[in-house]
Amino acid sequence: MLKEDITILAIESSCDETAAAVVVNGREVLSNTISSQIDIHTLYGGVVPEIASRKHTERINQVVRQSLSEAGKSWDDIDAIAVTYGPGLVGALLVGVSYAKSLAWALNKPLIGVHHIEGHISANYIENKDLEPPFMCLVVSGGHSHLVKVVDYGEYEILGRTRDDAAGEAFDKVARAIGLGYPGGPKIDKVSCEGNPAAIDFPRAKIADNEYDFSFSGLKSAVLNYLNQCEMKKEEVVTADVAASFQQAVVDVLVGHSMDAIDRYGFDKFAIAGGVASNSHLRAAMEEACKKRNIKFYRPSPILCTDNAAMIGAAAYFEYVKGVRSGWDLNAVPNLKLGER
Ligand code: KG4
Ligand code: ZN
């Protein structure tokens with residue numbers, strides 16, 4: 001027989017945020033502490049894995065303690081320790097996994113390893129207490145672009161994935177090319193508000209053998225070619241127009257694929273997740289497309305779209321109630337696939 005309230009301490013360290021959160025019953029966030037390393041990685045134009053691991057090691061203890069204290073909880077109140085064990089940077093993941101294992105061992109609490117993408121999807125449960133599977137979800141982050149049928153809690157069917165760059169990766173690479181720097185997504189989002197999204201007709205890739213798969217590397221090359229041509233012809237590059245036109249091409253593809261899948265599979269609920277889901281233009285376009293089809297649209301607040309541990313605590317709860325527990329041999333799995341344990 002389960003206790004009425006299950007309080008989970010969750011840890012996330014798969015990339016460049018050291019994060020911890022305390023979450024009750026998968027949907028109530030008592031604390032969500034995030035220590036971002038963006039300032040350091042910005043100096044190098046992207047995430048440097050060795051620096052990420054070192055910073056996680058330096059910060060994790062403080063972040064976890066702060067999270068527990070902000071939640072007003074003691075170690076005794078915690079029912080389980082959850083941690084992201086993949087996918088992500090192996091050295092970065094290892095810091096969180098080792099810390100969580102030590103904590104769970106010392107406190108004699110159950111340990112739950114969580115899939116990072118499952119965490120992103122589960123961020124939607126936090127602010128939408130009514131949201132339950134089945135629903136369709138588009139996960140777009142720095143490392144992943146997945147169109148997923150959420151069949152049940154922890155049960156997924158992948159309809160489409162990227163063949164090359166992830167959506168967020170394309171944002172970051174294009175931002176670098178047009179001189180906006182790292183992290184690219186938020187910068188393109190902002191500068192696009194002053195640009196014309198129809199100024200340049202960048203390609204919208206279609207994949208012949210799976211209409212739900214994505215490809216963003218051709219679009220990235222098209223932007224680079226455009227910039228080279230401007231330079232050769234000594235034409236001025238209007239950064240805001242390039243950013244807005246690139247972003248429009250990404251948004252068109254993401255909305256198009258998602259709505260095609262909704263029309264085909266007949267879901268009445270659609271959610272977005274991952275860092276790119278915080279893009280204001282994507283959110284607006286998805287909202288409008290869902291309204292047209294009279295289906296319910298879910299999107300986490302931007303702070304729950306980018307990497308955080310509250311989403312890991314949400315995902316872990318639904319695993320916990322199913323009886324899933326990880327062993328002391330839990331390891332970091334950098335290329336963990338969704339739906340695998
Ligand atoms: O989910 P996330 O924080 O980390 C991964 O799991 O990868 O996603 C980070 C990605 C980065 O590529 C970043 O540029 C992108 O999300 N991103 C955005 C926005 N905010 C973050 N992309 C477009 N528009 C945004 N507002
Ligand atoms: Zn992420």
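Indexing begins at 1, ligand by ligand and atom by atom, following the structure's order. Only a predicted model underlies this, so the values are computations on that prediction, with no experimental measurement involved.
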Hey, which atoms in ligand 1 end up nearer than 4.0 Å to a heavy atom of His116? 6 (O)
So His257 and Phe214, ring-ring contact (aromatic ring centres under 6.0 Å, His included) or not? Walk me through it. CA-CA 8 Å; His257 281 36; Phe214 304 99; 4.8 Å; yes
On the ring face of Tyr320, is Arg325 found with NZ or CZ under 6.0 Å from the centre and within 45° of the axis? yes
Side chains of Asn225 and Gln229, donor plus acceptor under 3.5 Å: no
Please compare Asn308, Asn279, Val140 and report which has the shortest non-hydrogen distance to atom 24 (N) of ligand 1. Asn279
Using 2.8 Å as the threshold, say whether any N, O or S atom from His116 sits that close to the Zn ion (ligand 2). yes
Is Arg293 salt-bridged to Asp268, cutoff N-O under 4.0 Å? no
Any idea which of Cys15, Gly274, Gly143, Gly275 brings a heavy atom closest to atom 17 (N) of ligand 1? Gly275
Can you check whether Tyr153 reaches Glu132 side chain to side chain, under 4.5 Å on heavy atoms? yes
Under 4.0 Å to a heavy atom of Ser141 - the qualifying atoms of ligand 1, by number: 1 (O), 5 (C), 6 (O), 7 (O), 8 (O)
Could you tell me, atom by atom, which parts of ligand 1 come under 4.0 Å of a heavy atom of Gly168? 12 (O)
If you look at every heavy atom in Ile126 and Ala314, which pair is closest and at what distance? CG1-CB, 4.1 Å
Taking the side chain as every heavy atom from C-beta outward, state whether Phe267 and Lys149 have any pair of such atoms under 4.5 Å apart. yes
His120 heavy atoms, cut-off 4.0 Å: which ligand 1 atoms fall inside? 1 (O), 6 (O)
My understanding is that we take every heavy atom of each candidate and find the minimum distance to atom 20 (N) of ligand 1. Doing that for Cys305, Ala273, Ser278, which one comes out nearest? Ser278
Numbered in order shown, the ligand 1 atoms found under 4.0 Å of a heavy atom of Gly142 are 5 (C), 7 (O), 8 (O), 9 (C), 10 (C), 12 (O)
Tyr156 OH to Ile117 CD1 distance, which is reported to the nearest 0.5 Å: 10.5 Å
For atom 11 (C) of ligand 1, tell me which residue out of Asp172, Leu282, Thr306 has the closest non-hydrogen atom. Asp172
List the steps and the verdict of side-chain hydrogen bond (donor to acceptor under 3.5 Å, both in side chains) for Asp165 and Ser217. CA-CA 6 Å; Asp165 292 352; Ser217 75; 5.4 Å; no
Just so I know, are the side chains of Asn308 and Ile303 near enough to count as touching, which here means a heavy-atom distance under 4.5 Å? no
Using a 4.0 Å heavy-atom cut-off, which part of Pro186 comes near ligand 1: side chain, backbone, both, or neither? both
Give me the residue, atom name and distance of the protein heavy atom closest to atom 2 (P) of ligand 1. Asp307 OD1, 3.3 Å
What protein heavy atom lies closest to atom 26 (N) of ligand 1? Include the residue and the distance to one decimal. Asp189 OD2, 2.9 Å
Write the atom name of the N, O or S atom in Asp307 that is nearest the Zn ion (ligand 2). OD1
Please confirm if an N, O or S atom belonging to Cys15, backbone or side chain, lies less than 2.8 Å from the Zn ion (ligand 2). no
For atom 18 (C) of ligand 1, the protein heavy atom that lies nearest, with its residue and separation: Gly185 CA, 3.4 Å
